[in-house]
J.: 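This is the structure, below, for whatever I ask next.
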Amino acid sequence: MDLYSTQNPALRAHLQEAVMQGLAPDNGLYMPVRIPVLPETFWAQAREMAFPALAFEVTRTLLDGAIPDEDLEKIVYQAFSFDAPVVTLHKRHHILELFHGPTLAFKDFGARFMAGLMAWYNRGQDRELVILVATSGDTGGAVAAGFLHTPGIRVVILYPQGKVSGLQEKQLTALGGNITALEVAGTFDDCQALVKQAFLDQELQAALRLTSANSINIARLIPQAMYYFRAWQQVADNGYKLAYCVPSGNFGNLTAGILAWRMGLPVSHFVAATNANDVVPAYLASGIYTPRPSVQTLSNAMDVGNPSNFVRLLHLLGQDYSTVAGMISGYRFSDQQTLGAIRTVYDQTGYLLDPHGAVGYLAGETFLEKNTDYQIVTLETAHPSKFPDVITGQAGIVPEMPERLAALQDKPKVSIPMPASYPPFKSWLLSQR
């Protein structure tokens, strides 16, 4: 499998190089040179395939022999060992539950796949691999759980101080072992900027083996395409066209959906749902992309003012505004609307949405009102119990807390304070050799 940099399509890399580097040397993101379309033989049996088998067939097609089938099958089956079920709210609106993994968030799929892939590529190395990851919520916890106790790999998580939920913070800071959490005095965008600057620092690259576990890494993006196929399996072919609604922050999830569509998934449209950080819906309305500092909201994992994966989205859709706007609709919603959706859906159906899924629900319903020939699948990206301040404190609902999350509550938080400035961050990294 060959990949190119979004900054310079002439800059190429094989899968191993792209995965282990994370970011291309020119600061671009890696993209597949060729995106294969799944053959008719796949579609003839796809509806009946178990989720791990389905994910393996799609991944094998995309990777095109980059990893031996026997090894790839083990990696995929380990990553997709739990389901992504669909729950129907009404006949035209379905919820894809992506929180049945170990950290109760959609990022478990990508983190576990990446952990398996990196461990496979890292075998036989005598130098430690250091994974840097910026998180606005669930990424860090999923990566920490995915890589915990993996030999030869150390994970450094950067998260914005005071801007993740208490339980999310425990998932970043309470594991110990080969996981270190840096509590950055800034925003997620600041955390992401520190990670990107580290990858462009030649002195640091010479001193440490660095890679990324954010969705800037192609190994995170690829597995996220698989649950779009899983949702399609479960939604009836009932005469309505199919759309997906994606609560969006860094836009890796929606980009993965477009990748699935490029491989042949029969979906007609995508909806980008955002909170006040609405730079992509604004672009879809005007054709002008204007990044800006992020603002804090109740749906904290979506608080991104300059989404990294936007450039990938453009590349997948030919870098043509009319094509992008024709394939994706965008809507933004306030915190007050988010709380109202959580309460309304729970009162009317008994189903409890998390704050991110609530933003998605609102966008999905808005789209359905304007497009009566569609049914829509909204991605529910995290378990509502991870957000007690919002769900219980503000919406007034007490969710049932899974045991694996409850067990973290009494564990001590262990984090290292870090300013949102590159020199102290670099110095700290070098001191850890």
Side-chain angles (χ1 to χ4, degrees), residues 1-38 55-69 71-72 75-76 79 107 109-123 125 129 131-134 139 143 192 195-196 198-200 205 209-226 228-229 250-265 307-320 324:
M1 181 186 189
D2 291 325
L3 300 103
Y4 69 90
S5 168
T6 54
Q7 289 280 75
N8 176 15
L11 178 60
R12 301 293 175 93
H14 293 298
L15 181 64
Q16 178 174 356
E17 184 182 0
V19 169
M20 301 310 269
Q21 284 182 347
L23 197 65
D26 63 355
N27 203 30
L29 301 183
Y30 283 115
M31 287 289 290
V33 171
R34 173 179 170 269
I35 299 175
V37 176
L38 290 155
F56 170 63
E57 289 300 330
V58 177
T59 306
R60 177 172 65 171
T61 300
L62 182 60
L63 267 55
D64 192 26
I67 293 177
D69 283 356
D71 295 326
L72 181 61
I75 293 169
V76 170
K107 295 177 181 181
F109 293 107
R112 286 158 66 89
F113 177 82
M114 174 186 285
L117 198 60
M118 284 187 172
W120 191 83
Y121 280 135
N122 200 49
R123 66 201 192 286
Q125 290 285 343
L129 180 67
I131 296 174
L132 301 181
V133 55
T139 295
V143 170
Q192 187 164 254
V195 170
K196 285 187 173 181
F199 288 125
L200 298 175
Q205 288 287 345
R209 289 181 65 223
L210 293 178
T211 190
S212 169
N214 280 92
S215 57
I216 59 175
N217 194 309
I218 194 69
R220 264 280 310 283
L221 190 70
I222 288 170
Q224 290 178 222
M226 305 309 148
Y228 287 90
F229 290 89
N250 217 15
F251 275 79
N253 228 351
L254 200 152
T255 300
I258 298 294
L259 176 62
W261 169 72
R262 286 281 307 271
M263 293 187 72
L265 182 69
S308 287
N309 281 291
F310 180 69
V311 66
R312 277 190 172 129
L313 202 63
L314 295 181
H315 276 251
L316 284 169
L317 293 170
Q319 302 187 74
D320 176 70
V324 177

J.: Work out which heavy atom in Val37 is nearest to a heavy atom in Gly264; give both atom names and the distance.
T.: CG1-CA, 4.5 Å

J.: Would a 4.5 Å heavy-atom cut-off, applied to side chains only, mark Leu210 and Gln205 as touching?
T.: yes

J.: Using 0.5 Å steps for rounding, measure from the CG atom of Leu259 to the CE atom of Met31.
T.: 7.0 Å

J.: Taking all non-hydrogen atoms of both residues into account, name the closest pair between Phe229 and Leu38 and its distance.
T.: CE2-CD1, 3.5 Å

J.: Just how far is it from atom CE of Met118 to atom CD1 of Ile131, taken to the nearest 0.5 Å?
T.: 4.5 Å

J.: Identify the two heavy atoms, one from Gln7 and one from Asn27, that lie closest to each other, and give their separation to 0.1 Å.
T.: CG-C, 3.9 Å

J.: Assess, by modelled atom type and distance only, whether the side chains of Asn309 and Arg312 contain a donor and an acceptor separated by less than 3.5 Å.
T.: yes

J.: How far apart are the closest heavy atoms of Gln192 and Asn250, and which atoms are they?
T.: OE1-ND2, 3.0 Å

J.: So, taking the atom named CG in Leu62 and the one named CE in Met263, what distance separates them when rounded to the nearest 0.5 Å?
T.: 4.5 Å

J.: In Å and rounded to the nearest 0.5 Å, what is the CD1 to OG1 distance from Ile35 to Thr61?
T.: 13.0 Å

J.: Side-chain contact, heavy-atom cut-off 4.5 Å: Ile218 with Leu15?
T.: yes

J.: Compare every heavy atom of Leu63 with every heavy atom of Met1, then report the nearest pair and how far apart it is.
T.: CB-O, 3.2 Å

J.: Working to the nearest 0.5 Å, report the span between CG of Leu221 and CD1 of Ile216.
T.: 11.5 Å

J.: May I ask you to decide if Trp120's main-chain N or O and Arg123's side chain share a donor-acceptor pair within less than 3.5 Å?
T.: yes

J.: Counting distance only, does the side-chain N/O of Thr6 pair as donor-acceptor with the main-chain N or O of Leu29 below 3.5 Å?
T.: yes

J.: Which atom pair, heavy atoms only, marks the closest approach of Pro307 to Phe251?
T.: CB-CD1, 3.8 Å

J.: Looking at Ala213, is its backbone amide N or carbonyl O close enough to the side chain of Arg220 to form a donor-acceptor pair, meaning the two atoms are under 3.5 Å apart?
T.: yes

J.: Okay, side chain of Thr139, backbone of Lys107: is any donor-acceptor separation there less than 3.5 Å?
T.: no

J.: Nearest 0.5 angstrom please: Tyr228 OH to Leu254 CG, how far?
T.: 5.5 Å

J.: Answer whether the closest heavy-atom distance between the side chains of Val19 and Thr211 falls below 4.5 Å.
T.: no

